> 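Got a structure here, written out as structure tokens. Questions coming.
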Amino acid sequence: MTTPTSPATRDRRGFTTEQVHAGHLADVGHAARITPIHLSAGFLFEDFAQARDRFAGDEEGYTYTRIGNPTISALERKLAALEHGAEAIAVSTGQAALSVALLGLLSAGDHLVAARTIYEGSRGLFRDNFERLGITVDFVDDVADIDAWRRAVRPETRALFGESIANPRNEVLDIPAVAGVAHAAGVPLVVDSTLATPYLQRPLELGADVVVHSASKFLAGHGAALGGVVVDGGRFDWAASGRFPHLTAPAPSLHGRSFVERHGHRAYAAFARDVVAARFGPTLSPFAAFLLQQGVETLSLRVERHTANALGVARWLAGHPAVERVDYAGLESHPHREVAARVLPRGAGSVLAFTVRGGEPAAAAFVDAVRLFSRMSHLGDVRSLVLHPASTSHGQLTETERAAMGVGGGLLRLSIGIEDLDDLIADLEPALAAATAAATAAARSQAVDATPVVPPVHHERTHAHRLAAAALGAH
Ligand SMILES: *Cc1c(COP(=O)(O)O)cnc(C)c1O
């Protein structure tokens, strides 16, 4: 799988080596091999001068965990290394990471252009909170329509936002093309890369400026902790853009210097960390940081297995008569297959959607029939999960909005875990049979409703069961 290259031609260690070793904090006290959990609200100052210098930023070191903590810093260094970024800021959740990343860029009166098919929590954040703060948001319906991104940009636009792979239907962001639109407008592209992970894609290398993750998902993998991270590429030229006065004008917290004067190309990361994250306060617990870094150490191994399993499941579903459609960017049938091959060469991840024949009654029967898959609102877990978006994550939308996003009654989202593929299929097979039976029964009872003479219920049941059995025999 990995071909050894001669040491002379390698400028970096490989991904799997980095995920294990990067960022590790040597324990000077006891030589613990694993980065210790520093569960301490604050840190001692040796004397008056040290307290003053640490606060002024003239001396490296910790003061208070909301501002910085050694366990959290170790995780941040690891994630910055994996994304090939300049700096990472770890916070309490993925939603917090999005808030910090975007509020580090946007002020009242500014405008954000975002893909429409993003995570519902993010859409709610923009629509219900940003709008209230005076930040207007326009959504691009078709992420693949680069002209639509261009048309959505206004003079007040200050950022473009999209997801590497969107959920549930696997729209793939053409990062080089959308970054081109952003840079032509003098603004950065922010990418939520939760579903891709740095193992499948490094958005910064494709032209994005800032990457955001919900670390609660694949980065953790164990599903035991929430977290989020903002990774700054450190390459966007804030001064040249001239559109970000909070970074280029004299700042009160820097005694009249600007963030750009003080931090150069890392001005944005410094502002997002010291002004946005530290002041709004979504601090990651050092304990959660420890759990997240435990997860990241095995990321590449998990994602390889996740992705191989997902492709296996997607192909199997696509060949099943009870399945109307499969939305997985790793399949030839996906409309973004060509973009995926370019920006996701290692595979399209393991969150996919499929539509069962028979609409919501069939989907409900499927959800109730699974035994190995967990019914759960989460993804990127080592366990395989299933969710019915139309009645859960997308339940607050109108029918028309759901239709525009392709979230129908028969649509189911799977997050494929690392279990043995045969066991996953052995769980899906009877669940699809249950879906078919429910669809047949629903179709029968509709037909009965339309008939003036209503036959006895037990007869109908028997008939529905016979039809279901016939349908089962079909494959
Ligand atoms: C889960 C998720 C989030 C939110 O992350 P939390 O850790 O749950 O706050 C944001 N974006 C995407 C793509 C997600 O899957």
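Predicted, not measured: the structure shown is a model, and the values here were computed from it. Order of listing sets the numbers, starting from 1, for every ligand and every atom in it.
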> Looking at ligand 1, is there an atom of it that comes within less than 4.0 Å of some heavy atom belonging to L226?
no

> With respect to N167, determine whether any N or O atom, backbone or side chain, lies less than 3.5 Å from an N or O atom of ligand 1.
no

> Salt-bridge test for D174 and R342: reply yes if a basic N is under 4.0 Å from a carboxylate O, no otherwise.
yes

> Are there over 12 heavy-atom neighbours, none belonging to Y62, within less than 6.0 Å of that residue's OH?
yes

> When you check the gap from the basic side-chain N to the acidic O, do D427 and R371 get nearer than 4.0 Å?
no

> Tell me whether E399 at atom CD has more than 12 heavy atoms from other residues, nucleotides or ligands lying less than 6.0 Å away.
no

> Could you check whether any side-chain heavy atom of P176 comes within less than 4.5 Å of a side-chain heavy atom of V343, counting everything from C-beta outward?
yes

> Give yes or no for whether the N/O distance cutoff of 3.5 Å, strictly under, is met between E163 and ligand 1.
no

> Can R150 and D145 be counted as an ion pair, charged N to O under 4.0 angstrom?
no

> Report yes if some N/O of Q95 lies less than 3.5 Å from some N/O of ligand 1; otherwise report no.
yes

> Considering only the protein, which heavy-atom contact is closest to atom 14 (C) of ligand 1, and what is its distance?
K217 NZ, 3.0 Å

> Would G94 count as being in polar contact with ligand 1, using the rule that some N or O on each side must be under 3.5 angstrom apart?
yes

> If the contact criterion is a heavy-atom separation under 4.0 Å, does A215 count as touching ligand 1?
no

> If we set the cut-off at 4.0 Å for heavy atoms, which region of T194 has an atom near ligand 1: side chain, backbone, both, or neither?
side chain

